[in-house]
Amino acid sequence: MKRLNYNNKVFRAVANSENGQTSHETLFYYKQEGNIITAEYNGGCIIKGHLIGIVDAENKIDMRYHQVDDNNIIRTGSCISTPEVLKNGKIRLHEVWEWTSGDFSSGTSMIEEV
């Protein structure tokens, strides 16, 4: 599989489970150095969020995240993102995530390169 480069990519949330906090207003600003991914994100009910992860040989990302919402609550979680390259060459990430704080529930979401 061709190595994807996530550096300087911007993603928008396009789908999420009901128990998630990202929405169409949430934007993620990705950086990549080697196999390490970082991102800042905000929008919708998320005031500020950060993530850090490792990209594997199949371009999947194993990440951890923390964020502050509009109720001033800090939430943390883990996520595995699996990429799909769309016909237009942009990346869609299919995400399986779990809260590691709050209600410890899990869900799925999708973000797409803007």
Where [X] and [Y] come nearest, the two heavy atoms and their spacing:
{"X": "I111", "Y": "F28", "value": "CG2-CE1, 3.8 Å"}
{"X": "K60", "Y": "T82", "value": "CE-OG1, 3.7 Å"}
{"X": "I91", "Y": "P83", "value": "CG2-CB, 4.2 Å"}
{"X": "V10", "Y": "Y29", "value": "CG2-CD2, 3.7 Å"}
{"X": "S17", "Y": "W97", "value": "CB-CZ2, 4.0 Å"}
{"X": "T100", "Y": "G77", "value": "OG1-N, 3.3 Å"}

> Which of these passes side-chain hydrogen bond (donor to acceptor under 3.5 Å, both in side chains) with D69: R75, K48, Q21?
Replying inline: Q21

Determine, using the 4.5 Å side-chain heavy-atom cutoff (strictly less than), whether [X] and [Y] are members of one ILVMFWY cluster.
{"X": "V85", "Y": "L93", "answer": "yes"}
{"X": "I80", "Y": "Y41", "answer": "no"}
{"X": "I37", "Y": "L27", "answer": "no"}

Sidechain-backbone polar pair: [X] side chain, [Y] backbone, donor-acceptor under 3.5 Å:
{"X": "D70", "Y": "I47", "value": "no"}
{"X": "S81", "Y": "I61", "value": "no"}
{"X": "R12", "Y": "H24", "value": "yes"}

> Can a donor-acceptor pair be found between the side chains of S109 and E95 at a distance below 3.5 Å?
Replying inline: yes

Between [Y] and [X], is there a side-chain heavy-atom distance shorter than 4.5 Å?
{"X": "L51", "Y": "T38", "result": "no"}
{"X": "D56", "Y": "D62", "result": "no"}
{"X": "K90", "Y": "E112", "result": "no"}

>> Looking at I74, I want to see if its CD1 is surrounded by more than 12 non-hydrogen atoms of other residues, nucleotides or ligands under 6.0 Å.
In response: no

>> For Y6 and Y30, take the angle between the two ring planes, folded into 0 to 90°, and tell me which bin it lands in: parallel under 30, tilted 30 to 60, perpendicular over 60.
In response: tilted

>> Distance check, rounded to the nearest 0.5 Å: E58 atom CD versus R3 atom CZ?
In response: 10.0 Å

> How would you list all residue pairs meeting salt bridge (charged side-chain N to carboxylate O under 4.0 Å, His left out) that involve residues 22-35, not counting sequence neighbours?
Replying inline: none

